[in-house]
Visitor: 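I'd like to ask some things about the structure below.
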2 protein chains.
Amino acid sequence: MALLVGRHLNKIDKKGRVSVPKPYREAVLAEGFAGVYIYPYFKFPALEGAGEAFMKRISASLEDNLELFSDAQEDLAAITLENTFQLSFDPEGRISLPVELCLHAGLDGQALFVGRGSRFQIWSPDAYEEHRSGALERAKATGATLKLSPQLSPQQSPRKDRGA
Amino acid sequence: MALLVGRHLNKIDKKGRVSVPKPYREAVLAEGFAGVYIYPYFKFPALEGAGEAFMKRISASLEDNLELFSDAQEDLAAITLENTFQLSFDPEGRISLPVELCLHAGLDGQALFVGRGSRFQIWSPDAYEEHRSGALERAKATGATLKLSPQLSPQQSPRKDRGA
DNA sequence: GTTCATTATGGGATATCATGGGAATTGATG
DNA sequence: CATCAATTCCCATGATATCCCATAATGAAC
C-alpha cells in the first residue's frame, strides 16, 4: 500500500468534521473501505488511525491461539479494537470525529495528521509540539538506531550493520 | 534498481519547482510511485530523497525491528516518516519543494542534486561546497580508506563490517 | 556547420482540495 | 403519524497546486 508520511494541519468545523488529507484517503481507499478506523492512542493524548488492512493485522493477533503474542500484547489488541470507531468519508473526503475521541486528544478547532507509514496519528498542534520536540535528542541519547530490514527484492542476503 | 550517481545543478523557479534530473526520475519510476520522497538531512543543512522502495524499507523496518508503541519506534518514526514529503512529478518531471524543506537546506534559486547510490541529496551550491571541502580535508587527515560491502551475488555469506 | 532530439525552464490557464453552510434524509420518540 | 435531533448530502468558494504549452539550452547525428 501507499505510504502515509508527512504532517497535514486541517480544521475541525462546528459540526466536528475534518478533511482527511488527500494522500491518506487514496492510501486507505486502496484497502477497500471508504473511510478510516480511529482509536485513542493510549500512551499520549492523541488518536491513531489506519485503513482496513492494518486493523486486520491487529485483529489477527487476537485470533492466534499459539504463543506468538504475549498476554500483554493480546490485551493491547483487545483494548484497541474495543475503542475503535469506524468513520466513513463524506462525499468531500471528511470524517466527523466523535466527541469521545476529541476529548482524549484535546482537539479543538484543528487536527494535525501525522503519517507513520502504514498508520497515522491525529494530534492537537499544541500537544504535538510539546511531545515531539525532543525526539531527535532522545534518539541520540538512547542510541536508538534503525536497522534497515533487507530489501524485498529476491535473493538478497541480509547484512548486519548499524544504520546511522 | 538503477544507481543514483553524479551531480546535477538545477534551478528552482518562482513557484518552488525544480526538475529532478532525468536519470534519477527513471530510477525511481521503476519503484512504482511517480515521484520522490524527500526529508531533511538532520546532520547537515541538506535534504535527502529516495524512491518508494527505500521509504517502504524504512517503514517496514520500524515495524519489524521495533515493538509497536515502543518509545524507540515513536522517536525514530518521528524523525524519519513524519518529516518526509511525498512529492509527485509534474508532466515535465518537476517537483515543487515545500518551504519547510527549502528553509532547512538554505535553498534559494538553485538545487544541487547529489547521487548517493540508492538515495540522493539536495544541497544549496554554497553549503555543498563548504561541506565537501571539509569532508575532503578530514579524509586526508585521517588517511581514510574504503572498505567495500560484500557483493550481492548469490550465495554470499553476510559479513559484519562497517563502511569506512 | 546544420539539423534533430531531448531535457530544462517559464508562465498563464485550469483543476483540485479544504472549507463553510444550508437542504435533505434518517431514525428515534411520543 | 408528527416532531425533533442528529447526521449526511449537496453545492458554493477561495486558495493552492497541477496541467498545458511555449521556449531555451544542451548535445548528438549527419
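We name chains A, B, ... by the order of the sequence lines, and we start the count at 1 in each one.
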Visitor: Mind checking whether Trp123(B) and Phe44(B) have parallel, tilted or perpendicular rings, split at 30° and 60°?
Guide: tilted
Visitor: Nearest whole Å is fine: how far is dA8(C) P from Tyr24(B) OH?
Guide: 11 Å
Visitor: Please state whether the phosphate of dT8(D), meaning OP1 or OP2, lies under 4.0 angstrom from any side-chain nitrogen or oxygen of Ser96(A).
Guide: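 So the side-chain polar atoms of Ser96(A) do come within 4.0 Å of the phosphate oxygens OP1 or OP2 of dT8(D), strictly under.
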Visitor: With axes from five pairs an end, tell me the bend angle of the helix from dG1(C)-dC30(D) to dG30(C)-dC1(D), nearest 10°.
Guide: 40°
Visitor: How would you list, by chain and number, every residue that makes a side chain to side chain donor-acceptor pair (under 3.5 Å) with Glu52(A), sequence neighbours excluded?
Guide: none
Visitor: If I take atom CG in residue Asp90(B) and atom C1' in nucleotide dC21(D), what distance separates them, rounded to the nearest angstrom?
Guide: 12 Å
Visitor: Please work out which of the three classes, parallel, tilted or perpendicular, describes the rings of Phe113(A) and Tyr24(A), given edges at 30° and 60°.
Guide: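 Rings of Tyr24(A) and Phe113(A): perpendicular, as their planes differ by over 60°.
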Visitor: Decide whether Phe42(A) and Val114(A) are clustered together by the hydrophobic rule: side chain heavy atoms of Ile, Leu, Val, Met, Phe, Trp, Tyr closer than 4.5 Å, transitively.
Guide: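 Yes, it is one cluster - the side chains of Phe42(A) and Val114(A) are joined through contacts under 4.5 Å.
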Visitor: Restricting to side-chain contact (heavy atoms from CB on, under 4.5 Å), what partner residues turn up for Pro40(A), sequence neighbours left out?
Guide: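 side-chain contact (heavy atoms from CB on, under 4.5 Å) check on Pro40(A) returns Asn83(A), Leu101(A), His104(A).
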Visitor: Quick one, which residues of residues 99-124 of chain A touch DNA chain C with a heavy atom under 4.0 Å?
Guide: none
Visitor: Does one hydrophobic cluster hold both Phe89(A) and Phe120(A), with members joined at side-chain heavy-atom distances below 4.5 Å?
Guide: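 Yes, Phe89(A) and Phe120(A) fall within the same hydrophobic cluster.
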Visitor: I'd like to know if the side chain of Tyr41(A) pairs up with that of Glu48(A) as donor and acceptor (distance under 3.5 Å, no hydrogens or angles considered).
Guide: no
Visitor: Applying the 4.5 Å side-chain criterion to the ILVMFWY set and letting contacts propagate, would Ile12(B) and Val36(B) be lumped into a single cluster?
Guide: yes
Visitor: With sequence neighbours excluded, tell me which residues meet side-chain contact (heavy atoms from CB on, under 4.5 Å) with Arg94(A).
Guide: Asp13(A), Arg17(A), Ser19(A), Asp90(A), Glu92(A)
Visitor: Counting primed atoms plus P, OP1 and OP2 as sugar-phosphate and everything else as base, spell out the protein contacts along nucleotides 12-22 of chain C at 4.0 Å heavy-atom distance: B, S or - for each nucleotide, 5' to 3'.
Guide: B----SSBBBB
Visitor: Using a strict threshold of under 4.0 Å (side-chain N to carboxylate O), is an ion pair present between Glu63(B) and Arg116(A)?
Guide: no
Visitor: Can you measure Leu87(B) atom CG to dT16(D) atom P for me and round it to whole angstrom units?
Guide: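 Taking atom P of dT16(D) as the reference, CG of Leu87(B) is at 18 Å.
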